[in-house]
Engineer: 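Here's a structure for you.
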Amino acid sequence: MPDVMSSSRLIGVGVGPGDPELVTVKGVNALRAADVVVVPVMDTGERGRAEATVLHYVEQKKIVRIVFALNERSDRGRREAAWDAAGERVAALLTAHPAVAFATIGDPNVYSTFTYLAQTIAELVPGTVVETVPGITAMQDLAARSGAVLTEGTEPLTLVPVTAGAQALKDALAGPGTVVAYKFGRQAQEVAEALRETGRIDDAVWGSALGLPEESLRPAAELDGAPLPYLSTLIAPARRDGGRGGKL
């Protein structure tokens, strides 16, 4: 597709971790105001979590599925080819519509496919205005459902995608503050070992499919090494022994 100038808007809308009640009012308004709502799907074609959430607020006829290699890490060429093809389809939509929304689980600025799409569109359709609407993240939802406090006082908060390897998680767990691990389902055994090695397993909690019928939420000490859903989240709270306000 040749480069064309555009005054259209591409809006990345965070639709939260799955519970449709956790889409913000601003997010719902953005989805409804857009001419088209793009949702990412894997090449297997099944309905993804973003689409399932969006359907609570807009009609199916307004939704356009676009294939992304969402879980592809080993074949960079295949992954980038999927990004390019997705960018071409969204670019075509932007030439035909003033406002295209892209629904992403969680937040569009936190490990989101939207980042790569926006970069591609900037090259394909110069002049497109790119905006984002923040969404509730899985770590916030897990903290609320489990009662885990993410941060107090001067504690740092470290977010680690375990797809980067178990060593990155071990390094974070050896430091201060709360550690959150994303996408650790396929490496559940390594995660459990890292928690035990660093003495952080007793207060840690994990969850998946939060707010959905298949929700799981358990103490990390119950991790037995069996594979978990890919989009599992773990919170290992900071060590807190100073009493209330001890780290102010």
Side-chain angles (χ1 to χ4, degrees), residues 14 17-18 40 42 49 68-83 104-116 119 135-210 216-242 247:
M42 293 187 289
R49 193 174 297 180
F68 284 80
L70 297 175
N71 295 342
E72 179 61 68
R73 295 187 60 81
S74 59
D75 189 336
R76 177 169 182 156
R78 178 175 176 270
R79 183 176 68 241
E80 294 195 351
W83 289 347
T104 177
I105 60 171
D107 183 279
N109 294 303
V110 180
Y111 299 129
S112 172
T113 307
F114 180 74
T115 302
Y116 313 122
Q119 292 170 352
I136 301 295
T137 61
M139 64 178 169
Q140 292 170 288
D141 196 13
L142 179 56
R145 294 176 188 277
S146 67
V149 175
L150 285 170
T151 56
E152 290 184 5
T154 57
E155 294 170 352
L157 173 64
T158 303
L159 176 59
V160 180
V162 182
T163 47
Q167 188 58 50
L169 177 62
K170 289 181 182 179
D171 292 344
L173 290 169
T178 293
V179 176
V180 175
Y182 272 7
K183 304 178 183 178
F184 78 91
R186 295 174 184 169
Q187 295 172 271
Q189 184 171 351
E190 292 92 332
V191 168
E193 290 172 357
L195 288 165
R196 291 189 178 96
E197 287 176 13
T198 55
R200 302 286 294 271
I201 199 164
D202 289 340
D203 296 327
V205 62
W206 74 269
S208 65
L210 301 174
S216 291
L217 198 161
R218 300 179 186 176
E222 294 182 6
L223 288 172
D224 58 7
L228 301 174
Y230 175 71
L231 292 176
S232 293
T233 299
L234 175 122
I235 298 175
R239 298 180 179 91
R240 299 180 180 118
D241 52 12
K247 295 186 180 179

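All of these numbers come straight from a predicted model, not from anything done at the bench.
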Engineer: Which atom pair, heavy atoms only, marks the closest approach of Leu210 to Leu142?
Structural biologist: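 Taking Leu210 first and Leu142 second, the nearest heavy atoms are CD1-N, 3.6 Å.
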Engineer: Drop me the distance from Gln189's CD to Leu228's CG, to the nearest 0.5 angstrom.
Structural biologist: 11.0 Å
Engineer: Would you check if there is a donor-acceptor pair between the side chains of Thr104 and Ser112 at a distance under 3.5 Å?
Structural biologist: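 Yes, side-chain donor-acceptor contact under 3.5 Å.
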Engineer: Side chains of Leu157 and Met139: closer than 4.5 Å at any heavy-atom pair?
Structural biologist: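 They are in contact (side-chain heavy atoms under 4.5 Å apart), so the answer is yes.
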Engineer: For the CD atom of Gln167 and the CD atom of Glu190, what is their distance to the nearest 0.5 Å?
Structural biologist: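 CD of Glu190 is found 12.0 Å from CD of Gln167.
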Engineer: May I ask you to test the Val205-Ser146 pair for a side-chain heavy-atom distance under 4.5 Å?
Structural biologist: yes
Engineer: Closest heavy-atom contact between Ile201 and Ala192?
Structural biologist: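 Residues Ile201 and Ala192, closest heavy atoms: CD1-O, 4.1 Å.
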Engineer: Considering all heavy atoms of both residues, which atom of Thr151 and which atom of Pro156 are nearest to each other, and what is their separation?
Structural biologist: CG2-O, 4.4 Å
Engineer: Does some side-chain heavy atom of Leu231 sit less than 4.5 Å from a side-chain heavy atom of Lys183?
Structural biologist: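 The answer is yes, as the side chains (C-beta and beyond) meet within the 4.5 Å cut-off.
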Engineer: Okay, side chain of Gln140, backbone of Thr137: is any donor-acceptor separation there less than 3.5 Å?
Structural biologist: yes
Engineer: Identify the two heavy atoms, one from Ala143 and one from Ile235, that lie closest to each other, and give their separation to 0.1 Å.
Structural biologist: N-CD1, 3.7 Å
Engineer: Please say whether more than 12 non-hydrogen atoms of neighbouring residues, nucleotides or ligands are located less than 6.0 Å from CZ in Arg196.
Structural biologist: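 Yes - once you tally the heavy atoms of other residues, nucleotides and ligands closer than 6.0 Å, there are more than 12.
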Engineer: Does any part of the side chain of Trp206, heavy atoms only, come nearer than 4.5 Å to the side chain of Leu223, both counted from C-beta?
Structural biologist: yes
Engineer: Between Thr178 (side chain only) and Leu150 (backbone N and O only), is there a donor and an acceptor less than 3.5 Å apart?
Structural biologist: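 Present.
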Engineer: For Gly135 versus Pro108, what's the shortest heavy-atom pair and its separation?
Structural biologist: N-CD, 4.2 Å
Engineer: Count the heavy atoms of every other residue, nucleotide or ligand shown that sit under 6.0 Å from OH of Tyr111, and state whether that count exceeds 12.
Structural biologist: yes
Engineer: For the side chain of Glu155 and the backbone of Glu152, is there at least one donor-acceptor N/O pair under 3.5 Å apart?
Structural biologist: yes
Engineer: In Å, rounded to the nearest 0.5 Å, how long is the span from OG1 of Thr163 to CZ of Phe184?
Structural biologist: 12.5 Å
Engineer: Heavy atoms only: give me the nearest Leu195-Ala220 pair and the separation to one decimal.
Structural biologist: CD1-CB, 3.9 Å
Engineer: Is there a side-chain contact between Tyr230 and Arg186 in this structure, where contact means two heavy atoms from C-beta onward sitting under 4.5 Å apart?
Structural biologist: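 With C-beta onward as the side chain, the pair touches.
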Engineer: Ignoring hydrogens and angles, tell me if any N or O in the side chain of Arg200 forms a donor-acceptor pair with the backbone of Leu173 under 3.5 Å.
Structural biologist: yes
Engineer: Using the ring of each side chain (for Trp, its six-membered ring), is Trp83 parallel, tilted or perpendicular to Tyr116, with breaks at 30° and 60°?
Structural biologist: parallel
Engineer: For the atom pair OG (Ser232) and CG (Leu234), what is the distance rounded to the nearest 0.5 Å?
Structural biologist: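 So the OG of Ser232 and the CG of Leu234 are separated by 9.5 Å.
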